[in-house]
Structures are given as structure tokens and as C-alpha cells.
Chemist: 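This is the structure I want to talk about, given as C-alpha cells.
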Number of protein chains: 2
Amino acid sequence: MSTDKNVINISNIRIACKDCSLFQLCLPIGVGEADLELLDRIIKHRRPFRRGEHLFRIGDPFQAIYAVRAGSLKTYAMTEDGHEQVIGFHLPGELVGLDAINGECHPCAAKALETTSVCEIPFDRLEELADHMPTLQRQLLRILSKEILQDHNLLMLLGKKSADERLAAFLVSLSARFKRRGFSSREFYLSMSRNDIGNYLGLAVETVSRLFTRFQEEGLVTVQRKHILLRDIDELSLRAGVSGPMASSKSVNGV
Amino acid sequence: MSTDKNVINISNIRIACKDCSLFQLCLPIGVGEADLELLDRIIKHRRPFRRGEHLFRIGDPFQAIYAVRAGSLKTYAMTEDGHEQVIGFHLPGELVGLDAINGECHPCAAKALETTSVCEIPFDRLEELADHMPTLQRQLLRILSKEILQDHNLLMLLGKKSADERLAAFLVSLSARFKRRGFSSREFYLSMSRNDIGNYLGLAVETVSRLFTRFQEEGLVTVQRKHILLRDIDELSLRAGVSGPMASSKSVNGV
DNA sequence: AGATTTCATTGATTGTCGTCAACAAATCTG
DNA sequence: CAGATTTGTTGACGACAATCAATGAAATCT
């Protein structure tokens with residue numbers, strides 16, 4: 001917070017992929033050193049984005065995909081009537097911009113939630129590279145497929161789950177993602193606003209706020225502003241799955 | 001309906017990709033005849049599936065993706081508590097099973113909604129083929145990306161839209177997809193049940209039923225069982241986008 | 001064909017969550 | 001640091017859609 005008063009020239013402190021702790025998260029390829037070197041060479045490191053800045057906006061020409069290096073960001077689209085719809089939150093090691101591959105320009109925007117640095121991967125160069133690297137090609141397909149899978153999970157959440165199930169699922173999911181990155185799975189910082197959370201989960205801000213309060217009253221979490229402490233992850237996981245009005249009354253569908 | 005009493009040997013009446021009217025829909029690649037021939041060779045035509053039969057179930061080992069040839073099917077996943085969640089409906093020319101590429105087995109099931117024939121494309125063979133065909137590789141990425149984009153659209157629908165907006169959007173979307181395939185965009189047959197529609201749209205069956213009735217009363221559609229006639233597509237499109245309680249009252253967000 | 005089951009429609013009622021509104025806290029700005 | 005703006009919390013109220021329940025219509029089965 002206090003060390004980055006003066007922006008220094010990033011290009012000088014560029015870090016190679018092979019030395020990046022996130023490397024196996026963003027492109028977990030099984031390639032040799034030589035291939036990795038090639039991959040590394042096309043990747044651009046850009047100056048960090050400040051909170052609120054856009055990596056790209058809706059309609060921007062698609063040129064590159066991005067890997068989050070540090071910080072976090074959100075992607076969002078616009079409904080026809082000008083409403084923002086948060087599509088996802090992205091933590092270090094995650095890729096952004098995959099939904100633009102098909103088209104000419106970005107169908108959604110990416111905005112930094114805090115000071116965030118990313119690796120820019122020009123897509124045409126990546127494709128060229130992949131032409132001669134079957135492993136990379138296959139990896140790309142897997143990454144996109146995984147993204148589809150994640151979206152399907154979110155679809156289930158929005159289609160079936162009640163408000164508390166949604167928030168519980170959200171917290172549990174974040175917890176797992178932080179853990180995977182070596183951060184605490186019990187305690188973390190929510191870089192997104194309540195508004196963004198509600199938007200993402202298909203809930204009103206007020207509902208999110210109330211739920212945080214209720215979860216806290218029930219001893220599930222301790223919430224202090226954007227700081228979250230999960231006191232009972234098991235119970236939260238339970239709520240994320242089975243709960244709501246049906247769980248108590250009777251067998252839901254005979255299973 | 002009356003001609004397929006005896007199942008005949010499908011392998012004899014196999015149709016080449018290059019002669020398939022759907023070819024440019026399912027794999028719109030810009031490849032030469034020779035490449036197309038290679039692609040065609042790995043594709044298997046299987047006997048048609050009857051209504052209710054599964055192409056694959058949740059947890060089945062992933063071996064192939066499928067292109068719908070005729071008929072239609074639904075894909076669905078299971079929530080933790082055993083509830084079915086319809087992920088999508090698939091018309092001729094659309095690919096199924098893309099969310100399994102990342103893993104070992106299918107995360108969702110695919111079930112025929114009517115008598116349906118598909119092309120089975122063994123994925124390992126497809127990858128081998130793509131290793132030597134950059135265009136195919138790139139095409140695959142684009143197809144997956146498109147799928148992601150579609151999921152995002154559905155996310156917006158489930159996250160923000162009211163019940164009538166959802167059904168309107170559903171009908172308009174189906175209409176466009178039928179049109180693309182050379183069928184009527186005004187008049188079509190809903191192969192899926194009301195239950196499936198509701199499940200897909202995150203609504204109760206009863207709500208779907210009531211909405212159909214209401215849309216009919218308002219002269220937007222004529223519904224007769226599963227047969228749908230769109231009387232006012234423009235108005236439906238309008239409802240699919242802007243409507244609900246906010247549209248009338250005041251500017252939603254200053255835009 | 002009749003019986004059984006599945007599917008679709010309609011009505012009555014309840015509950016969850018969104019909306020409106022006011023307030024508090026924090027962050028931004030000059 | 002004070003004022004302004006954004007962001008988060010809490011309460012009251014109402015609406016939309018889910019649930020419960022009953023009936024009707026098709027489709028499937030024997």
C-alpha cells in the first residue's frame with residue numbers, strides 16, 4: 001500500500017512464466033522448458049490496473065486473453081435495457097476474456113476490483129504457438145471446457161437455489177478458490193461490493209446484506225465490512241447444497 | 001412415424017459430412033475437401049435414439065462429443081440434493097458434451113426429447129485430427145467460446161429477468177434457432193415438456209403454463225399443446241428485453 | 001378399447017425476496 | 001477536516017411467483 005507511490009517501469013521487473021507461482025493455475029500445461037520459453041515470450045506484462053479501471057470494455061476489439069496475476073476483477077455484461085450483469089469474479093491464476101474468442105469483440109467488460117496486475121496473452125500469437133504445440137492446444141480446449149462447466153454450476157445456482165443457498169455457495173466457492181491459491185480458506189477479503197455480489201447471485205443488495213447479518217447471528221461467519229471469517233464451513237457447505245423450505249418439510253423428490 | 005417399424009442397419013445409409021445440410025452449423029470449418037474427408041471418417045452414425053433414451057448419463061466416461069442430426073435433446077445436471085437442472089436444449093446442428101472435455105466423465109446427461117439421430121465424434125480422434133489441422137483447432141476453440149457466450153446469456157436471463165421476460169426470451173430464441181435451420185420461425189413444435197421449460201428458465205411448471213395462457217390472451221402467441229405459433233415476434237422480443245415492474249415506473253439506472 | 005399414468009391447466013394461498021425509504025458508515029474531494 | 005458522495009445496514013410493505021390442491025386432457029400400457 002505504501003511502497004508503490006511511484007510507478008516504476010514494469011517491463012524491467014518482468015517475471016518469466018516458469019518462475020510464476022500461478023503458472024500451473026492459469027495454463028497448467030505439460031510442456032517442456034523450451035515450449036514454456038516460447039509461451040513466455042508472447043506474454044506481455046502491463047502496468048497494474050487501479051481499482052475501477054477496465055482491462056477492456058464491452059465492444060472493445062478482441063486481441064488478447066488475460067491471466068490475473070495479483071488482485072481481482074469482475075467481468076460483466078449488459079442486458080438489453082442497460083442493466084449490468086456480473087458474470088464472474090476472477091482471482092489470481094484465472095483467465096479472462098475467453099468468451100470473446102468466438103467473435104470480433106468483447107461481449108463483456110473486465111474491471112479491476114482492486115489494484116490488479118495481469119498477463120496479457122495476444123490471442124493470435126497464442127494460436128500460432130498452439131499450431132505447433134498439440135499439448136497447448138489441448139490444454140486450451142480443456143480450459144474453455146472448464147469455463148463452460150463453471151457456468152453450468154452458476155446456472156444451477158441461479159435456477160434452483162434460494163437466497164441463503166446462493167450466498168452460502170458463493171462463500172464456500174470463494175473459500176475453495178482462495179485455498180487453491182495458497183490463501184486462507186477461512187478468512188479472506190471480499191474485494192467486490194455487496195452490490196456486485198447481489199448482482200452476481202441474482203439478489204438485491206439488501207438481501208445480501210441481511211443474509212450476512214443473519215449468517216453472523218447464526219454463528220456461521222464473522223463479517224466486518226469486507227473482511228470475512230468463515231466460522232463453520234461445513235455448515236455453510238451444507239446450506240449451499242440442501243436447505244431452503246423443502247429440506248425441513250419432506251423428501252424433495254423421493255430420492 | 002410408420003416407416004421405421006423395423007430398425008435397419010444404419011451403417012449402410014450413412015451420409016457423408018460434406019453432404020450433410022447441417023455440416024456448416026455443427027463444424028463450420030473452412031477446410032478443403034480432403035480434410036473434410038478425414039473428419040468424416042472418424043464420425044460415427046448411430047441408430048436414432050428414442051424419446052427418453054440417454055446419449056449419456058451423468059458420470060459416464062467421456063469419449064465423444066455429439067452433433068445433433070435430427071430431432072432434439074436436453075442436457076441436464078443434478079444439484080447436490082438430487083434435483084434435476086436443465087442446462088440446455090439442443091437442436092439439429094448443435095454440439096453436445098462440450099462441458100466434459102475438461103474431465104474424465106460427463107458432468108451432465110443428454111436425453112432425447114423425441115426420436116433423435118446424432119453423429120458421434122470420438123474426441124481423442126478429433127484431437128489427433130486437429131493436431132494436423134490448425135483450422136479445425138481454431139474452430140473448436142471458437143465453438144467452445146460460443147458455448148460460453150450462450151451460457152452467459154442464460155445467466156443474465158436467470159439473474160435479472162422476470163417470469164414473462166424469461167418465457168418471451170425463450171420463445172424468441174427458439175424462433176431464431178429454428179429459422180437458422182431453415183424451419184419456420186413463426187410456427188414450431190416444442191419437443192420439451194412444460195416441466196423442462198420451467199426447469200430451464202428457473203420457473204415452476206404452473207408459472208410457465210399460466211404465462212402461455214396469458215400470452216395467448218394477449219394475442220402474442222397461439223398455443224395448442226406443444227404446437228406454438230408466434231403471432232407477434234416483435235412484441236415478444238420487446239418483452240424479452242425490457243419489461244417487468246421497472247420499465248413502467250422510472251428510469252432504471254439513469255441510462 | 002379401457003385403464004393407468006403422465007402432463008397441462010387453473011384456482012387459492014403463502015412466503016420469499018424485491019422495492020421503497022431512512023439512516024449509518026466509510027470513502028472521496030476540495 | 002468538513003461536506004459530499006458512495007456503500008452498507010435495517011425496517012416496513014407489497015408483489016411476484018412458488019406451493020398446495022384439484023381437475024382435465026393426452027399419451028402410454030395391457
Side-chain angles (χ1 to χ4, degrees), chain A residues 1 50-52 74 83-84 113-114 157-167 189-199 201-217 221 223-228 239 243-254, chain B residues 1 50-53 74 83-84 113-115 157-168 189-199 201-217 221-228 239 243-254:
Chain A
M1 274 204 183
R50 294 192 166 281
R51 177 179 142 84
K74 69 169 177 181
H83 264 262
E84 186 176 313
L113 293 169
E114 57 194 315
L157 185 139
L158 290 176
K160 293 270 164 305
K161 302 196 176 186
S162 65
D164 33 351
E165 288 175 303
R166 293 184 198 191
L167 189 64
Y189 178 82
L190 292 177
S191 59
M192 68 291 290
S193 69
R194 300 286 195 267
N195 214 318
D196 287 335
I197 296 174
N199 189 310
L201 297 176
L203 300 172
V205 202
E206 295 93 328
T207 305
V208 174
S209 193
R210 273 185 259 270
L211 285 174
F212 271 128
T213 307
R214 192 150 67 72
F215 280 2
Q216 179 153 262
E217 285 166 2
V221 301
V223 185
Q224 217 159 19
R225 236 187 116 43
K226 305 206 159 203
H227 190 94
I228 300 287
R239 297 229 186 170
S243 102
M246 338 91 163
S248 51
S249 54
K250 60 177 177 183
S251 168
V252 179
N253 57 356
Chain B
M1 273 205 183
R50 295 193 164 281
R51 176 180 144 82
E53 283 186 309
K74 70 169 177 181
H83 264 263
E84 186 177 312
L113 292 170
E114 56 193 317
T115 303
L157 185 140
L158 291 176
K160 292 272 165 305
K161 302 197 175 185
S162 65
D164 32 353
E165 288 175 302
R166 293 184 198 191
L167 189 63
Y189 178 82
L190 292 177
S191 59
M192 68 291 289
S193 69
R194 300 286 194 267
N195 214 318
D196 287 334
I197 297 174
N199 189 311
L201 297 176
L203 300 172
V205 202
E206 296 92 329
T207 305
V208 174
S209 193
R210 272 185 258 270
L211 285 174
F212 270 128
T213 307
R214 192 149 68 71
F215 280 2
Q216 178 153 260
E217 284 166 2
V221 301
T222 300
V223 185
Q224 217 161 17
R225 245 194 105 45
K226 306 207 159 201
H227 189 93
I228 300 288
R239 297 230 186 170
S243 102
M246 336 90 165
S248 51
S249 54
K250 60 178 177 182
S251 167
V252 179
N253 57 355

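A, B, ... follow the sequence lines: proteins, then strands. Residue 1 opens every chain. Only this structure's heavy atoms are used, side chains among them; waters, hydrogens and symmetry mates stay out.
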Chemist: Whole-Å distance between D/dA25 P and B/Lys226 NZ?
Modeler: 18 Å
Chemist: What is the distance from CD of A/Glu206 to P of C/dA22, rounded to the nearest Å?
Modeler: 14 Å
Chemist: Do B/Leu190 and B/Arg225 touch side chain to side chain, with heavy atoms closer than 4.5 Å?
Modeler: no
Chemist: Return the CZ to CZ distance between A/Phe212 and A/Arg194, rounded to the nearest 0.5 Å.
Modeler: 4.5 Å
Chemist: Starting at CG of A/Leu158 and ending at P of C/dG18, how long is that distance when rounded to a whole Å?
Modeler: 12 Å
Chemist: Between D/dA18, C/dC17, C/dA8, which nucleotide has the shortest distance from any of its atoms to the side chain of A/Ser162?
Modeler: C/dC17
Chemist: Return the CD1 to OG1 distance between B/Ile228 and B/Thr222, rounded to the nearest 0.5 Å.
Modeler: 9.0 Å
Chemist: When only distance counts, do a donor and an acceptor, one from the side chain of A/Arg214 and one from the base of C/dT16, lie under 3.5 Å apart?
Modeler: no
Chemist: Between A/Arg166 and A/Arg225, which residue's closest nucleotide on DNA chain C lies nearer the 5′ terminus?
Modeler: A/Arg166
Chemist: Mind checking A/Ser209 for me? I need base, sugar-phosphate or nothing, with any heavy atom below 4.0 Å counting as a touch.
Modeler: base
Chemist: Quick one: A/Met192 CE to D/dG8 P, roughly how many Å, whole number?
Modeler: 11 Å
Chemist: Using side-chain heavy atoms (C-beta onward) and a distance below 4.5 Å, is B/Arg239 in contact with B/Leu167?
Modeler: no
Chemist: Between C1' on C/dA26 and CZ on A/Arg194, what's the gap in Å once rounded to a whole number?
Modeler: 13 Å
Chemist: Let's test your reading of the model: under 3.5 Å, does the base of D/dG8 pair with the side chain of A/Arg210 as donor and acceptor?
Modeler: no
Chemist: Could you tell me whether the phosphate oxygens of C/dT10, OP1 or OP2, come under 4.0 Å of any side-chain nitrogen or oxygen in B/Thr213?
Modeler: yes
Chemist: Over all strands shown, is B/Gly202 touching base, sugar-phosphate only, or nothing at heavy-atom distances under 4.0 angstrom?
Modeler: sugar-phosphate
Chemist: Would you indicate, yes or no, if C/dG18 has its OP1 or OP2 atom less than 4.0 angstrom from a side-chain nitrogen or oxygen of A/Thr207?
Modeler: yes
Chemist: Expressed in angstrom and rounded to an integer, what is the separation of A/Phe215 atom CZ from D/dT9 atom C1'?
Modeler: 16 Å
Chemist: Quick one: CG on B/Leu113 to NZ on B/Lys226, what's the gap to the nearest 0.5 Å?
Modeler: 8.0 Å
Chemist: Rounded to whole angstrom units, what separation is found between the CG atom of B/Asn195 and the C1' atom of D/dA26?
Modeler: 16 Å
Chemist: Expressed in angstrom and rounded to an integer, what is the separation of B/Leu190 atom CG from C/dT9 atom P?
Modeler: 10 Å
